[in-house]
**Q** 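Sharing a structure below in structure tokens format, with a few things to ask.
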Amino acid sequence: MVPSPDPLHTSPRGTPAAYSLARDRYADWGVDTEEAIDRLGKTPISLHCWQGDDVAGFENPGAALGGGLAVTGNHPGRARNGDELRADLDAALSHIPCRHRINLHAMYAETAGRKVERTDFAPVHFQRWIDWACERKAGLDFNPTFFSHPLAADGFTLSHRDVSIRRYWIEHGIASRKIGAAMGAAAQSPCITNFWIPDGYKDTPADRWAPRQWLTESLDAIFREPIPEEMNLDAVESKLFGIGSESYVTGSHDFYLGYAITRRKLLCLDTGHFHPTESVADKISAILPYVPALLLHVSRGVRWDSDHVPAFSDDLQSLAREALRGAGRIHFGLDYFDASINRIAAWIMGARNLLKALLAALLEPAALLRQAELSGDYTKRFALREQQHTMPFGAVWEEHCERRGMDGQNLWLDEVLRREKEILAARG
């Protein structure tokens with residue numbers, strides 16, 4: 001009896017006939033698969049460095065995160081320094097088709113073992129990251145770190161009641177924008193410097209107004225100095241709630257929506273920062289007309305902001321469809337930290353699933369769907385969408401990967417697991 005093949009280790013290459021059939025099937029719908037493959041290849045995703053080391057950073061590795069953040073799982077092989085983290089990112093990028101970006105937090109500064117205050121962080125402390133990214137022709141994005149610090153221990157930073165603590169974090173924000181500008185100049189691609197703070201109350205506050213007023217003043221001070229947009233783009237990110245801030249979050253979605261519109265900043269929508277029944281996809285067309293651009297941090301929230309690896313789900317596909325209609329004013333990034341599985345695999349699967357969702361959106365018969373909708377034929381619209389599920393999407397995905405020297409299935413998993421055994425396990 002011939003054993004059944006392992007579904008995770010199938011043939012490394014789809015046949016040319018499979019793609020030819022898929023191309024013809026989609027052409028019947030008026031969809032050009034070659035155009036879809038080309039456009040997908042020009043859509044970068046920003047990979048978040050903190051997936052590789054459980055958000056430990058290099059200032060005080062192993063310190064408690066704070067700020068309502070928690071990493072679950074203890075899979076072996078966490079990166080312990082910049083060299084290991086960059087090597088793991090290289091391993092992940094080698095299995096993610098096309099060229100992408102790297103997203104850093106300020107806590108990943110490399111200071112040669114010297115204590116440097118976050119207010120004094122400068123581009124020199126990220127020079128190894130900049131050189132590494134430039135060698136790979138990869139863009140860089142940046143985030144000031146408003147957590148894992150004694151001055152954030154009580155859960156407040158830019159909206160703190162103490163003006164001296166607010167001043168500290170304002171100076172950190174100003175320094176972060178300068179670092180972002182240096183990264184953007186070196187990479188010749190604008191760095192998105194994204195601001196998220198954990199500030200909030202566990203229980204119902206007596207005063208909701210004052211912290212938001214202080215946050216507004218702090219952000220205005222940080223953004224006072226203009227930076228050319230070809231070097232740096234500023235973004236602000238909201239959150240529904242966090243552990244320890246269940247009742248009140250200063251930087252809520254409503255707050256940052258108003259701030260981004262009035263200050264002409266990018267608005268970051270993290271898919272794990274909303275109520276599980278909310279559709280982030282639906283927000284895109286409602287918000288994008290009023291802000292310069294949107295930054296999407298793609299995660300998979302389960303009951304709370306649990307930061308699971310994105311799955312190729314209906315929600316992710318809906319997000320991709322709406323984002324691609326944003327006429328290039330959408331930036332894509334990943335933001336999760338899962339230590340229950342191999343961390344490199346988590347990067348690869350999250351990025352590949354987002355790319356698959358984008359490809360599925362590019363292969364949608366958009367013209368036919370709009371025609372049916374405008375004519376009031378909602379039956380046809382529904383039927384077309386249902387038929388999409390059985391179209392030969394997989395053959396187009398595999399063709400996209402193979403043209404870039406990668407397998408479109410799961411053969412990468414063998415290499416990742418071999419690396420776990422030979423390299424990651426030795427880290428302890």
Side-chain angles (χ1 to χ4, degrees), residues 2-26 31-45 47 51-52 75 77 88-100 298 300 308-317 319-321 332 334 336 338 340-364 387-424:
V2 179
S4 300
D6 184 342
L8 286 176
H9 301 81
T10 50
S11 170
R13 178 171 176 80
T15 65
Y19 174 66
S20 178
L21 173 63
R23 184 183 58 209
D24 293 344
R25 288 281 306 278
Y26 279 108
V31 175
D32 186 339
T33 58
E34 290 295 316
E35 182 180 339
I37 289 173
D38 180 68
R39 187 173 171 188
L40 183 65
K42 297 174 181 176
T43 305
I45 295 170
L47 268 69
Q51 163 59 36
H75 201 85
D88 289 352
L89 278 163
D90 274 332
L93 288 167
S94 70
H95 298 293
I96 302 170
C98 303
R99 186 174 296 154
H100 299 286
V298 180
R300 176 166 56 99
H308 289 62
V309 178
F312 186 57
S313 63
D314 289 344
D315 285 343
L316 185 61
Q317 293 177 63
L319 185 78
R321 283 195 299 270
F332 298 96
L334 300 176
Y336 50 86
D338 189 343
S340 69
I341 62 175
N342 182 289
R343 295 169 182 81
I344 297 172
W347 267 321
I348 295 169
M349 290 187 287
R352 281 187 165 224
N353 282 338
L354 177 52
L355 289 170
K356 288 176 183 177
L358 291 167
L359 180 60
L362 290 166
L363 294 173
E364 181 184 61
Q387 189 178 348
Q388 283 180 261
H389 297 311
T390 55
M391 290 291 283
F393 160 80
V396 184
W397 166 252
E398 290 178 17
E399 182 70 15
H400 169 73
C401 293
E402 289 158 7
R403 290 184 185 184
R404 288 150 181 86
M406 300 182 187
D407 78 276
Q409 300 178 32
N410 277 319
L411 297 182
W412 57 266
L413 187 58
D414 285 337
E415 184 175 329
V416 169
L417 294 179
R418 183 166 58 250
R419 179 180 177 83
E420 179 177 305
K421 181 182 295 185
E422 296 174 358
I423 298 175
L424 304 186

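Worth knowing before you read on, the calculation uses all heavy atoms, side chains too, and leaves out hydrogens, waters and symmetry mates. Note that the coordinates shown come from a computational prediction; the quantities given were computed from them, not determined experimentally.
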**Q** Considering non-hydrogen atoms only, spot the tightest contact between Cys401 and Pro97 and give its length.
**A**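 Looking at all heavy atoms of both residues, the closest pair is SG-CG, 3.6 Å.
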**Q** Rounded to the nearest 0.5 Å, what separates atom CG in Leu417 from atom CD in Glu422?
**A**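 So the CG of Leu417 and the CD of Glu422 are separated by 11.0 Å.
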**Q** Which heavy-atom pair separates Ala36 from Leu359 by the least distance, and what is that distance?
**A**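 That closest heavy-atom pairing would be CB-CD1, 4.1 Å.
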**Q** To the nearest 0.5 Å, how far apart are CG in Asn410 and CZ in Arg352?
**A**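 If I round to the nearest 0.5 Å, the distance is 7.5 Å.
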**Q** Please tell me if the side chains of His400 and Leu40 come closer than 4.5 Å, counting only heavy atoms from C-beta onward.
**A**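 Yes, their side chains come closer than 4.5 Å.
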**Q** Determine, stepwise, if the pair Gln317 / Asp314 fulfils side chain to side chain contact (heavy atoms under 4.5 Å, CB included).
**A** CA-CA 5 Å; Gln317 293 177 63; Asp314 289 344; 4.2 Å; yes
**Q** Do Arg343 and Asp88 have side chains that get closer than 4.5 Å, going by heavy atoms?
**A**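 Counting from C-beta outward, Arg343 and Asp88 never come under 4.5 Å.
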**Q** Show the nearest heavy-atom pair for residues Tyr19 and Glu34, with the distance to one decimal.
**A**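 Scanning both residues completely, I find the closest heavy atoms to be OH-OE2, 2.5 Å.
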**Q** Any side-chain donor-acceptor pair under 3.5 Å between Trp412 and Asp414?
**A**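 No, Asp414 and Trp412 have no side-chain donor paired with an acceptor closer than 3.5 Å.
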**Q** Is the closest side-chain heavy-atom distance between Leu424 and Ile344 below 4.5 Å?
**A**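 Yes; the side chains approach each other to less than 4.5 Å.
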**Q** Do Leu93 and Trp347 have side chains that approach each other closer than 4.5 Å (heavy atoms only, starting at C-beta)?
**A**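 Contact flag for Leu93/Trp347 side chains = no.
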**Q** Identify the heavy atoms of Ile341 and Ala346 that sit nearest to each other, and give their distance.
**A**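 Looking at all heavy atoms of both residues, the shortest contact is CD1-CB, 4.0 Å.
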**Q** Main chain of Val309, side chain of Arg300: is a donor-acceptor contact present, judged purely on distance under 3.5 Å?
**A**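 Yes; judged by distance alone, with no hydrogens or angles, the pair exists.
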**Q** What's the shortest heavy-atom distance between Met406 and Ser94, and which atoms?
**A**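 Of all heavy-atom pairs spanning Met406 and Ser94, the closest is CE-O, 3.4 Å.
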**Q** If you compare all heavy atoms of Arg39 against all heavy atoms of Leu362, which two are closest, and at what distance to 0.1 Å?
**A**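 For Arg39 and Leu362, the tightest heavy-atom pair comes out as CD-CD2, 3.5 Å.
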**Q** CD of Glu415 to NE2 of His95: how many Å apart, nearest 0.5 Å?
**A**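 Those atoms lie 3.5 Å apart.
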**Q** Is a donor on one side and an acceptor on the other found under 3.5 Å between the side chain of Asp32 and the backbone of Glu35?
**A**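 Confirmed, Asp32 side chain pairs with Glu35 backbone.
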**Q** For the atom pair CH2 (Trp397) and CD (Glu402), what is the distance rounded to the nearest 0.5 Å?
**A**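 So the gap between those two atoms works out to 11.0 Å.
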**Q** Tell me if a side-chain donor or acceptor on Asn353 pairs with a main-chain N or O of Met349 at a distance below 3.5 Å.
**A**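 Yes.
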**Q** Can you find a heavy atom in the side chain of Tyr26 that is under 4.5 Å from one in the side chain of Met391?
**A**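 Touching, per the 4.5 Å side-chain cut-off.
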**Q** State, with a plain yes or no, whether a side-chain heavy atom of His100 is found less than 4.5 Å away from one of Leu334.
**A**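 Result no, sub-4.5 Å side-chain heavy-atom pair not found.
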**Q** Distance check, rounded to the nearest 0.5 Å: Leu358 atom CG versus Leu316 atom CG?
**A**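 Rounded to the nearest 0.5 Å, the CG-CG separation comes to 7.5 Å.
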**Q** Does some side-chain heavy atom of Tyr336 sit less than 4.5 Å from a side-chain heavy atom of His308?
**A**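 Heavy-atom side-chain distance check fails, nothing below 4.5 Å.
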**Q** Could you pull out all residues at least two apart from Gln388 that satisfy side chain to side chain contact (heavy atoms under 4.5 Å, CB included)?
**A**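 In terms of side chain to side chain contact (heavy atoms under 4.5 Å, CB included), with neighbours along the sequence ignored, Gln388 is linked to Trp29, Glu364, Pro365, Leu369, Arg385.
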**Q** Sequence neighbours left out, what passes side chain to side chain contact (heavy atoms under 4.5 Å, CB included) with Ser340? Give chain and number order.
**A**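 Partners of Ser340 under the side chain to side chain contact (heavy atoms under 4.5 Å, CB included) test: Asp338.
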**Q** Under 4.5 Å between any side-chain heavy atoms of Cys98 and Arg404, yes or no?
**A**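 Result yes, sub-4.5 Å side-chain heavy-atom pair found.
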**Q** How many angstroms lie between atom CD1 of Ile96 and atom CD1 of Ile45, to the nearest 0.5 angstrom?
**A**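 That separation rounds to 7.5 Å.
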